[in-house]
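Below: the structure, in structure tokens.
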Amino acid sequence: MQIASWNVNSLNARLEHLRAWLGSRRPELVALQETKLEDHRFPDAEIAALGYRSLFAGQKTYNGVALLARTDAVPGFADVQVGIPGFEDGQKRVLAASVGELRIVNLYVVNGQAVGSDKYDYKLRFLDALHDWLAEEIRRYPRLVVLGDFNIAPDDRDVHDPVAWNETSILTSTAERAALRRLFELGLADSYRLRHDHGGAFSWWDYRAAGFRRDLGLRIDLVLLSGALAARCSGAAIDREPRGWERPSDHAPVLATLD
DNA sequence: ATGGTAGTCTAACTA
């Protein structure tokens with residue numbers, strides 16, 4: 001089965017792209033970030049017409065996460081969790097559910113704006129609370145998938161210019177990478193790195209300065225797998241194609257294949 | 001070279 005993550009940067013603006021992409025790829029599970037839609041505006045009927053169930057937690061203008069499950073392939077959602085338990089947060093960034101044998105945690109991690117800013121502090125507190133919660137989740141659900149827009153590039157292979165994107169830059173700073181490493185140390189493996197060693201494989205390119213055309217990207221969208229699932233991971237990919245379409249999201253979809 | 005673009009919603013924010 002294929003499990004995908006895609007930051008769509010507004011589902012309203014990207015519904016036709018999602019429709020085209022789901023129609024051709026047909027992944028069994030999809031996590032979306034930055035839907036930017038209140039729940040009463042979520043296009044669940046349109047997505048049902050594509051053969052997917054929807055689960056969503058959104059807000060106006062910013063953030064918003066959703067899970068899609070292919071109706072003919074996987075059962076419905078169970079044991080739904082919105083947000084990190086015990087972490088007060090008005091921003092809709094976390095949506096977890098059980099789907100058959102799998103536990104899925106969909107994340108839109110805080111961007112953090114700039115190292116040392118208030119938003120950076122919020123990012124580190126978010127990651128700290130996430131760590132403690134995921135330590136419990138992986139005990140409770142050994143077949144755990146944690147995926148989404150992590151807004152952290154794990155190492156220098158994941159950055160087009162490691163000199164510019166250094167230990168003091170947002171998305172690559174020392175504290176952010178340390179927080180991500182602590183998630184890996186819970187027993188969550190970066191599925192892309194289970195299958196590929198090379199650098200230069202990116203999932204996000206800035207809209208500005210022709211970032212995609214010049215391939216000035218970062219790999220910040222990840223699919224993490226617990227040990228039981230990592231052993232069954234037969235593929236990992238980044239689908240750059242939709243990033244080249246007209247009026248694209250600034251992120252490409254990323255995928256992991258489980259046997 | 002310290003900008004640039006895109007989305008939301010039409011001012012200014014977030015990324």
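Order of the sequence lines fixes the chain letters, A, B, ..., with proteins taken first and strands second; residue numbering starts at 1 for each chain.
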Next item on the list: With sequence neighbours excluded, give me every side-chain hydrogen bond (donor to acceptor under 3.5 Å, both in side chains) pair touching residues 158-174 of chain A.
Entry: A:Tyr120-A:Ser173, A:Asp158-A:Arg193, A:Asp158-A:Arg219, A:His160-A:Trp165, A:Asn166-A:Thr168, A:Asn166-A:Ser169, A:Ser173-A:Glu176
Notebook entry, point to check: With respect to A:Trp204, which candidate in A:Asp149, A:Asn151, A:Asp221, A:Asp250 satisfies the side chain to side chain donor-acceptor pair (under 3.5 Å) definition?
Noted result: A:Asp250
Margin query: Base, sugar-phosphate or nothing for A:Arg93? Non-hydrogen atoms, less than 4.0 Å.
Written below: sugar-phosphate
Notebook entry, point to check: Of the candidate nucleotides B:dA15, B:dA1, B:dT8, which contains the atom at the shortest distance from the side chain of A:Tyr108?
Noted result: B:dA15
Margin query: Between B:dT14 and B:dG4, how far apart are the two C1' atoms, rounded to whole Å?
Written below: 15 Å
Note to self: Short of 4.0 Å, heavy atom to strand atom, which residues of residues 16-25 of chain A count as contacting DNA chain B?
What the structure shows: none
Notebook entry, point to check: Are the charged groups of A:Glu46 and A:Arg19 less than 4.0 angstrom apart, N to O?
Noted result: no
Notebook entry, point to check: Quantified in whole Å, what is the C1' atom distance between nucleotide B:dA15 and nucleotide B:dG3?
Noted result: 16 Å
Item checked: NZ/NE/NH1/NH2 to OD/OE distance under 4.0 Å, A:Asp155 and A:Arg181 -> no
Margin query: From CD of A:Gln59 over to P of B:dA15, roughly how many Å is that when rounded to an integer?
Written below: 11 Å
Item checked: Atom pair distance, as rounded to whole Å: CD in A:Glu34 and C1' in B:dT14 -> 8 Å
Notebook entry, point to check: What is the ring orientation for A:Trp205 with A:Phe212, classed by angle as parallel under 30°, tilted 30 to 60°, or perpendicular over 60°?
Noted result: perpendicular
Check: Under 3.5 Å, is there a donor-acceptor pair linking the side chains of A:Glu34 and A:Ser10?
Finding: no
Taking only N/O atoms, report every protein-nucleotides 11-13 of chain B pair under 3.5 Å with atom names and distance.
{"residue": "B:dC13", "atom": "O2", "partner": "A:Tyr62", "partner atom": "OH", "Å": "3.3"}

Notebook entry, point to check: When the distance from NZ of A:Lys60 to C1' of B:dG7 is rounded to whole Å, what number comes out?
Noted result: 13 Å
Next item on the list: Specify the separation, in whole Å, of atom CH2 of A:Trp165 and atom C1' of B:dA15.
Entry: 11 Å
Checklist line | Euclidean distance for C1', B:dG7 against B:dT2 (whole angstrom) | finding: 23 Å
Item checked: Residue pairs fulfilling side-chain hydrogen bond (donor to acceptor under 3.5 Å, both in side chains) with at least one residue in residues 47-61 of chain A, sequence neighbours excluded -> A:Gln59-A:Asn63
Notebook entry, point to check: How are the rings of A:Tyr192 and A:His198 set relative to one another: parallel (under 30°), tilted (30 to 60°) or perpendicular (over 60°)?
Noted result: perpendicular
Notebook entry, point to check: Rounding to a whole Å, what distance do you find between A:Asp250:CG and B:dT8:P?
Noted result: 12 Å
Next item on the list: Check whether any side-chain heavy atom of A:Leu144 sits under 4.5 Å from a side-chain heavy atom of A:Leu225, and report yes or no.
Entry: no
Please list, for nucleotides 4-6 of chain B, all pairs of protein and nucleotide N/O atoms separated by less than 3.5 Å.
{"residue": "B:dG4", "atom": "O6", "partner": "A:Arg208", "partner atom": "NH1", "Å": "3.2"}

Check: Once you round it to whole Å, what is the distance between P of B:dA15 and CD of A:Glu176?
Finding: 12 Å
Check: Could A:Glu38 and A:Arg41 be called an ion pair, given the rule that one side-chain N must be under 4.0 Å from one carboxylate O?
Finding: no
Margin query: If you assign A:Thr35 and A:Val110 each to the DNA chain B nucleotide with the nearest heavy atom, which residue ends up on the more 5' nucleotide?
Written below: A:Thr35
Next item on the list: May I ask you to check whether A:His17 and A:Trp245 place their ring centers less than 6.0 Å from one another?
Entry: yes
Notebook entry, point to check: Roughly, in whole Å, what's the span from NE2 in A:His251 to C1' in B:dA15?
Noted result: 8 Å
Check: What's the CG-P distance between A:Leu37 and B:dC9, to the nearest Å?
Finding: 9 Å
Margin query: Please list all pairs meeting side-chain hydrogen bond (donor to acceptor under 3.5 Å, both in side chains) that have one or both residues in residues 71-86 of chain A, counting only residues at least two apart or in different chains.
Written below: A:Arg70-A:Asp72
